[in-house]
Asks: 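Sharing a structure, written as structure tokens. Questions coming.
Quick note: numbers below take in every heavy atom, side chains included, and nothing from hydrogens, waters or symmetry partners. Chain naming here is simple, since letters A, B, ... match the order of the sequence lines and numbering starts at 1 in each.
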Amino acid sequence: MKFNLPRGLRDIEPADFELMERIRDAFIQTCKLFGFSLMEPSPLEMLETLEAKSGSSIRDEIYAFKDKSGREVGLRFDLTVGLTRWVVSNRALQFPVKIGSFAGLWRYDEPQYGRYRWFYQWDAEIFGPTNVDADAEVIDFAYSLFRRLGLEDISIHIGDRRLVEEYLEKNIGVKDEPLVAEMMRALDKLGKKTAQEILEEYSSKVEPSILNQLLEFGKISGDIEEVLNRLKEYHLTSTTTLIDLVDLLKHRGVKNTVIDLSIVRGLDYYTGVVFEAFTNDQALGALAGGGRYDILPAIFGRPDLGATGVAGGVDRTILALKKEVASTTQREPLIYITYVGKEVRSFAQHIASTLRGEGLPAEVELMERSLRKQLEAASKRNSDYVIIIGPKELASNRLILKNMKDGREEVRSVAETIDLLKQLTKTR
RNA sequence: GCCGCUGUGGUGUAGCCUGGCUAGCAUAGGGGCCUGUGGAGCCCUCAGCGUGGGUUCAAAUCCCACCGGCGGCCCCA
């Protein structure tokens with residue numbers, strides 16, 4: 001094939017597009033229920049904006065280039081940066097600001113299972129509050145969205161970076177920023193790899209005996225009582241946030257939550273509560289993740305603002321939907337209008353337009369094929385009803401309505417046929 | 001950016017090791033049998049060796065490079 005796509009890109013074909021629409025609809029409905037307004041930040045940013053959060057190392061992982069006037073620009077690699085930039089630069093906004101976005105992103109990674117260089121995310125962020133209520137809200141949001149999509153076996157793993165930081169400082173004596181960040185990244189791998197593998201991988205960067213202590217700490221998980229019980233021996237004080245959060249989630253009816261201290265997220269800008277949502281398919285990875293990142297508004301010039309949010313991978317969710325949710329796609333009833341004879345052509349198109357005006361989905365023959373071929377085409381497209389119009393019908397201003405399930409036909413006036421179709425398609 | 005596997009019509013594949021006739025089969029698409037009545041069957045038809053070089057009388061087949069796909073690392077969703 002000569003006209004290949006660039007590596008890691010793909011066309012979103014009708015079957016996947018339909019699932020994507022389901023996710024988008026569910027997301028928008030959830031935004032409305034929770035009072036999030038929707039927007040889409042610019043796909044292209046100045047490179048320095050994108051680097052603000054992660055430093056210039058991000059340059060290797062994104063699409064970055066010079067535009068025609070030599071400006072250094074890059075395609076967005078997440079929605080958080082653009083949304084935060086927008087919120088910070090709009091001083092008139094009333095807090096809390098709750099915004100959601102559903103849009104495509106680009107990352108220059110090697111493609112893998114469920115991962116492309118162009119992909120979609122949904123994203124819900126709350127700016128302003130620094131208290132845990134906002135964290136509870138975004139976790140509830142993600143949970144509600146997955147419920148709405150019909151994914152029943154979602155579990156949400158919740159951690160708290162501050163708890164881990166306190167542990168590192170008090171119990172191991174590690175306070176040095178870069179080392180903490182490195183150890184966090186190592187801890188984050190605990191869901192995917194064994195402690196032994198992680199220790200080997202990081203042996204040159206972190207003293208294994210120290211890292212091992214952290215990994216043991218990170219293995220603490222379970223419901224809040226269990227976790228508090230195991231944490232007693234460490235004498236940590238920053239457990240109050242998690243206790244409060246769990247209570248709020250309980251009252252919001254969010255089920256399947258697990259405290260999991262290995263959840264710290266790979267990115268350095270998270271500052272507090274962090275969480276990830278999984279299905280029982282481990283290989284798929286997290287369907288959504290998020291947490292508190294108060295540092296980012298501060299970098300953009302608003303240290304007074306708190307920020308917390310959640311983002312979900314649409315492609316992974318599509319894979320999960322394909323596996324778990326029976327394809328109960330509710331199809332619109334389809335009416336196919338066939339005709340015989342050139343002189344009937346314009347009347348057939350008029351009828352199609354009339355049906356559509358009545359809110360009935362109608363297709364009309366566009367290729368002037370034989371009636372046999374038209375019926376064959378209607379059948380292959382799974383049409384529910386076919387309208388047949390020939391010179392006789394044109395003369396008497398009547399339509400033949402054929403039910404494709406049982407093959408029965410009725411001849412009626414145009415108005416009667418429309419009424420009948422409305423009745424027939426309403427009960428579905 | 002790195003590593004492994006892989007690439008034959010739209011899709012699924014045979015042929016490749018051991019170079020040699022018009023690249024075979026199935027399915028999907030178009031048409032006919034059947035000019036105003038669909039789903040079956042039969043027949044016809046469109047369409048392919050990822051790209052570029054090299055070796056050779058001769059390359060889908062052997063060699064090299066690049067490109068794409070799948071999966072892993074890194075990072076993350």
Asks: Within the pair A:Gln112 and B:rG72, is there a side-chain N or O less than 4.0 Å away from OP1 or OP2?
Replies: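 Answer is yes, contact under 4.0 Å.
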Asks: Does anything in residues 206-216 of chain A form a salt bridge (charged side-chain N to carboxylate O under 4.0 Å, His left out)? List the pairs, not counting sequence neighbours.
Replies: A:Glu216-A:Lys219
Asks: Can you tell me the pairing partner of B:rG68 across any strand shown, Watson-Crick or G-U wobble, with both distances under 3.5 angstrom?
Replies: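 B:rG68 is paired, partner B:rU6.
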Asks: If the condition is salt bridge (Lys or Arg N to Asp or Glu O under 4.0 Å), which residues does A:Lys373 pass it with, not counting sequence neighbours?
Replies: A:Glu376
Asks: Taking only residues two or more places apart in sequence or in another chain, which ones pass ring pair (Phe, Tyr, Trp, His ring centres under 6.0 Å) with A:Phe347?
Replies: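 In terms of ring pair (Phe, Tyr, Trp, His ring centres under 6.0 Å), with neighbours along the sequence ignored, A:Phe347 is linked to no residue.
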Asks: How close or far is atom P of B:rA77 from atom CH2 of A:Trp122, stated in whole angstroms?
Replies: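 Between P of B:rA77 and CH2 of A:Trp122: 12 Å.
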Asks: Provide a list of protein-nucleic acid N or O atom pairs under 3.5 angstrom, restricted to nucleotides 1-5 of chain B.
Replies:
none

Asks: Only pairs at least two apart or in different chains count here, so list each salt bridge (charged side-chain N to carboxylate O under 4.0 Å, His left out) that has a residue in residues 337-354 of chain A.
Replies: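 Every salt bridge (charged side-chain N to carboxylate O under 4.0 Å, His left out) pair that includes a residue of residues 337-354 of chain A, provided the two are not neighbours, is A:Lys342-A:Glu368.
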Asks: Looking at residues at least two apart in the chain, or sitting in another chain, which of them share a side-chain contact (heavy atoms from CB on, under 4.5 Å) with A:Leu319?
Replies: A:Tyr113, A:Leu284
Asks: Check the distance between B:rA77's P and A:Leu75's CG and give it to me in whole angstrom.
Replies: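 Distance, rounded to whole Å: 18 Å.
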Asks: Looking only at side-chain N and O atoms, does A:Lys189 come under 4.0 Å of OP1 or OP2 in B:rC75?
Replies: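 Checking B:rC75 against A:Lys189, a side-chain N or O does come within under 4.0 Å of OP1 or OP2.
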Asks: Run the side-chain contact (heavy atoms from CB on, under 4.5 Å) test against A:Glu166 and tell me which residues pass, sequence neighbours left out.
Replies: A:Leu163, A:Lys170, A:Leu236, A:Thr237, A:Ser238
Asks: If I take atom CG in residue A:Asp78 and atom C1' in nucleotide B:rC75, what distance separates them, rounded to the nearest angstrom?
Replies: 13 Å
Asks: Atom CD1 of A:Ile198 and atom P of B:rC73: how far apart are they, to the nearest Å?
Replies: 12 Å
Asks: With sequence neighbours excluded, tell me which residues meet side-chain contact (heavy atoms from CB on, under 4.5 Å) with A:Glu365.
Replies: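 For A:Glu365 the side-chain contact (heavy atoms from CB on, under 4.5 Å) partners, ignoring immediate neighbours, are A:Tyr336, A:Tyr339, A:Met367, A:Arg369, A:Gln374.
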Asks: Could you check whether A:Gly8 gets within reach of a base, just the sugar-phosphate, or nothing at all, counting any heavy atom under 4.0 Å?
Replies: sugar-phosphate
Asks: Side-chain donor-acceptor pair under 3.5 Å between A:Thr308 and A:Glu125, yes or no?
Replies: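 On atom types as modelled, these side chains do not qualify, holding no pair under 3.5 Å.
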Asks: How does protein contact run along nucleotides 33-40 of chain B, one letter per nucleotide 5' to 3', with B for base contact, S for sugar-phosphate only, - for none, heavy atoms under 4.0 Å?
Replies: -B-BBBB-
Asks: With nearest nucleotides of RNA chain B determined for A:Tyr120 and A:Pro6 from heavy-atom distances, which residue corresponds to the more 5′ nucleotide?
Replies: A:Pro6
Asks: Below 3.5 Å, does any donor atom in the side chain of A:Arg115 face an acceptor in the base of B:rC75, or the other way round?
Replies: yes
Asks: I need the CG-P distance between A:Leu5 and B:rU51, as an integer number of Å.
Replies: 16 Å
Asks: So, do A:Phe119 and B:rA77 meet the stacking rule of ring centres under 5.5 Å and planes under 30°?
Replies: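 It does: the ring sits over the base of B:rA77.
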Asks: In whole Å, measure the gap between the C1' atoms of B:rG9 and B:rG50 for me.
Replies: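 Straight-line distance between the two C1' atoms is 13 Å.
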